[in-house]
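Have a look at the structure below, then the notes.
Since we're looking at a predicted model, the values are computed, not measured. Quick note on labels: first sequence line is chain A, next is B, and so on, each numbered from 1.
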Amino acid sequence: MNTEEYIKKWLAGSLSEAELQAFRQTADYAALEKLQQAVQGFKAPAYDVPQALAELNKRKTSGKKNKLINVSWGQMALRVAAVVVMALLGYYFIFSGPATTTVTTSIAEKTTVQLPDNSGVTLNALSSLSYSENNWQEKRLVKLTGEAFFTVAKGARFDVQTAGGVVSVLGTEFNVNVRENYFEVVCFTGLVAITAGQEKVQLPAGHLFRIADGVVFKETGIKATSPGWLANESSFVSVPYKYVLKELERQYQVTVVARNIDLDQLFTGRFTHKNLELALKSISLPLNLQYKKVGEHQIELSGDSK
Amino acid sequence: MKVAEKENICQEETFNALFAAHAKDLYNFLYYKYGPGNNPHDMVQEAFIKLWANCHKVIVAKARAFLFTVANNQTLSALAKTKTALKYAEDRPKDYTAETPAYLLEEKEYKARLEQAINELTPEQRTAFLLNRVEGKKHQEIAEMLGISRKAVEKRIYTALAKLRQKVEGI
């Protein structure tokens, strides 16, 4: 038996008594014994099984709580709801921001609004315009009550939504006037499409379309390039007289009391926004009416009592 | 400690018995293979936590193999750049009294060479060798522990011994 075999048997602890006796005589044995002694210094520290188990059991129970959480369907639904709410809020704040912009004018006030695409809107007295700045790229849509003159920049379809109907254009100049039971569109350049209830009208430049008290009225050959009110004059083409009086009330802070007047008679003419006296003359004289200032803000307009 | 084969690991008693049976071996295995710097204690804990979490999937007979594999993998992934270094126990009781200074120096040098040599062994050689020499594990036990054949264990131990002697004795 050579040295290697001896060593291997020694390592396996399978040397017989006689073999061990023989092996002890060799120099290898002394070296191995020395190594064997020295190597004990590398012994792993004693492992305290009970203590380690106690530690493990502590972690096991706390770990269990973290890992195996019983989630009821109700809780899960709440979590899902919370995630959805957060997502919606995030979407709202990122994409919608301040929802809509609204511009309102009061009596005798006019204002100009610049829309996100540089389209311009001039609002007449007692009017309101609202639009969504964030959705503007997707949809050019404004909501209007009252009267406004639009100068629409060329581009996608532009809609004016009103109580009287929807006015759609691609890019032109037009005036929309929406009052109680009154809807009027005047196109100055380009072409305007109007959807008002059953009525669908294509309105070319110089044309006027109006529904007043359910009566459709169309007029052609309007020469003006912008509505009169932009120049502080309200102009009327065959407008029932009551709407003229309402316009007067909007431009001057007055209430008009009409006596013995046919409010449905048609009026064509104009009045200034700068001088009440002159304006009253403008609307009363052609119809042979008398006016009288009753109070500071009240006008009495009377027809021929004879 | 014997653990009945049919029992479920999810049962507290069975689990504790498994711990008592394997924790120390697992600890020693990790200690010798990766050294004290790689938290053998924590790795044993982690392995048993994992066994507990998977107690429905692991059968008792496979628990030991599961533990060793898990602990080994966890240590490997945690190994990062930590050096494996076994240290000669500092507080080792003196074996001799009245040594000559020359002898003391010789001993010191011998231990230093041994320490270096042990750390230069491959983790596999070191594990097998120390489990055999220090822990007194039989070849067959080591083979089962490491999932290799008894012959391979014998070879590893012998190679490790030869390497150590070469470096320590200059043979």
Residues two or more places apart in sequence or in another chain: which of them pass ring-ring contact (aromatic ring centres under 6.0 Å, His included) with A:Tyr182? A:Tyr243
Who are the ring-ring contact (aromatic ring centres under 6.0 Å, His included) partners of B:Phe68, not counting sequence neighbours? B:Phe29
Heavy-atom contact with chain A under 4.5 Å, split by part of [X]:
X        : value
B:Gln140 : neither
B:Val153 : neither
B:Gln45  : both
B:Lys138 : neither

Decide whether [X] and [Y] meet the rule of one side-chain donor and one side-chain acceptor closer than 3.5 Å.
X        : Y        : answer
A:Glu147 : A:Ser127 : no
B:His22  : B:Arg64  : yes
B:Gln116 : B:Lys167 : no
A:Arg179 : A:Asn177 : yes

Sort A:Pro50 into side chain, backbone, both or neither according to what part of it lies under 4.5 angstrom from a heavy atom of chain B. neither
Contacts with chain B made by residues 7-20 of chain A (heavy-atom distance under 4.5 Å), listed by residue number: A:Ile7, A:Lys8, A:Trp10, A:Leu11, A:Ala12
Any ring pair (Phe, Tyr, Trp, His ring centres under 6.0 Å) involving residues 138-179 of chain A? Give me the pairs, sequence neighbours left out, ordered by first then second residue. A:Trp136-A:Phe158, A:Phe149-A:Phe188, A:Phe150-A:Phe158, A:Phe150-A:Phe174
Is the NZ or CZ atom of A:Lys34 both under 6.0 Å from the centre of the six-membered ring of B:Tyr110 and within 45° of that ring's axis? yes
